[in-house]
Amino acid sequence: MTASVNGMTVEGVVRRAAAAHRDERGALLPVLHAVQAELGHVPREAVAVLADEFNLSRADVHGVVTFYHDFRAEPAGRTTVRICRGEACQALGAEGLVAHARAAGPALGETSADGAVTVEQVFCLGNCALGPSVEANGRLYGRVGPARLGSILDGTVSS
């Protein structure tokens with residue numbers, strides 16, 4: 001059986017992305033990014049197709065997918081909140097944000113049951129002077145405290 005995500009077959013998406021990047025050096029990473037951009041994650045079914053496309057073992061492809069934290073095996077929530085846990089943010093209270101997020105909803109690396117929010121950790125957002133920092137759906141927030149993080153998780157934060 002051919003798996004599909006949102007009406008698109010995983011195999012078709014993977015083969016199309018592989019064809020677009022085949023001549024690039026180190027094409028596996030750009031293909032994985034393209035697959036995730038189109039499907040919202042890298043499904044397990046994609047590993048076998050990628051192994052076939054690039055003449056790699058499934059273990060090699062799986063190793064790359066699981067090594068990089070940017071690749072997801074499951075779709076993310078409608079809102080993705082990334083909490084910086086780099087040294088500067090840690091010194092300014094990031095651990096308290098992690099604890100608040102854990103108490104308020106899904107644990108790090110998980111998505112809420114209703115699919116509303118995914119909480120992730122990163123180890124630098126490049127906003128060290130304004131730590132602790134949080135990124136929500138690509139928007140960067142600095143000097144985030146627990147109350148503001150709660151608003152971000154609820155989707156009610158103001159600029």
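Side-chain atoms are counted along with the backbone in the values below, which use heavy atoms only and exclude waters and symmetry mates.
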Where is the tightest heavy-atom contact between [X] and [Y], given as atom of each residue plus distance?
{"X": "C84", "Y": "C124", "result": "SG-CA, 3.6 Å"}
{"X": "A18", "Y": "V31", "result": "CA-CG2, 3.7 Å"}
{"X": "H21", "Y": "E24", "result": "ND1-OE2, 2.7 Å"}
{"X": "V47", "Y": "R58", "result": "CG1-O, 3.5 Å"}
{"X": "R102", "Y": "L108", "result": "NH2-CD1, 4.1 Å"}
{"X": "C89", "Y": "G131", "result": "SG-CA, 3.8 Å"}

Are [X] and [Y] packed together at the side-chain level, in the sense that at least one heavy-atom pair is separated by less than 4.5 angstrom?
{"X": "L50", "Y": "L28", "answer": "yes"}
{"X": "L153", "Y": "V119", "answer": "yes"}
{"X": "L97", "Y": "R85", "answer": "no"}
{"X": "E45", "Y": "V49", "answer": "no"}
{"X": "L140", "Y": "L125", "answer": "yes"}
{"X": "Q121", "Y": "I83", "answer": "no"}
{"X": "V144", "Y": "S133", "answer": "no"}

Is it the case that more than 12 heavy atoms not belonging to [X] sit under 6.0 Å from its [atom1] atom?
{"X": "Y68", "atom1": "OH", "result": "no"}
{"X": "R22", "atom1": "CZ", "result": "yes"}
{"X": "N55", "atom1": "CG", "result": "no"}

From CA spacing to verdict: side chain to side chain contact (heavy atoms under 4.5 Å, CB included), V134, V81: CA-CA 7 Å; V134 170; V81 176; 3.6 Å; yes
Spatial distance of atom CD (Q36) from atom CG (D70) [nearest 0.5 Å]: 7.5 Å
Nearest-0.5 Å distance that lies between atom CZ in R72 and atom OG1 in T118: 6.0 Å
May I ask whether [X] and [Y] are part of the same hydrophobic cluster, defined by side-chain heavy atoms of I, L, V, M, F, W, Y residues being less than 4.5 angstrom apart, directly or through others?
{"X": "V10", "Y": "L56", "answer": "yes"}
{"X": "Y141", "Y": "L92", "answer": "no"}
{"X": "F54", "Y": "L32", "answer": "yes"}
{"X": "V35", "Y": "F67", "answer": "yes"}

Lys/Arg-Asp/Glu bridge criterion (N-O < 4.0 Å) met for R15, E11: yes
Residues R143, R148; criterion side chain to side chain contact (heavy atoms under 4.5 Å, CB included); working and verdict: CA-CA 9 Å; R143 296 191 177 116; R148 191 163 188 213; 5.6 Å; no
Verdict with reasoning, L29 to V64, per side chain to side chain contact (heavy atoms under 4.5 Å, CB included): CA-CA 8 Å; L29 286 176; V64 172; 3.8 Å; yes
For E110, all residues meeting side-chain hydrogen bond (donor to acceptor under 3.5 Å, both in side chains), sequence neighbours excluded: none
Audit row: T111, T80, side chain to side chain contact (heavy atoms under 4.5 Å, CB included) steps and yes/no: CA-CA 9 Å; T111 301; T80 301; over 6 Å; no
Ring center gap for F123 and H69 short of 6.0 angstrom: no
Intermediate values then yes/no, side chain to side chain donor-acceptor pair (under 3.5 Å), S151 and D154: CA-CA 5 Å; S151 296; D154 293 340; 5.9 Å; no
Partner of F71 under ring-ring contact (aromatic ring centres under 6.0 Å, His included), chosen from H62, H41, H33: H33
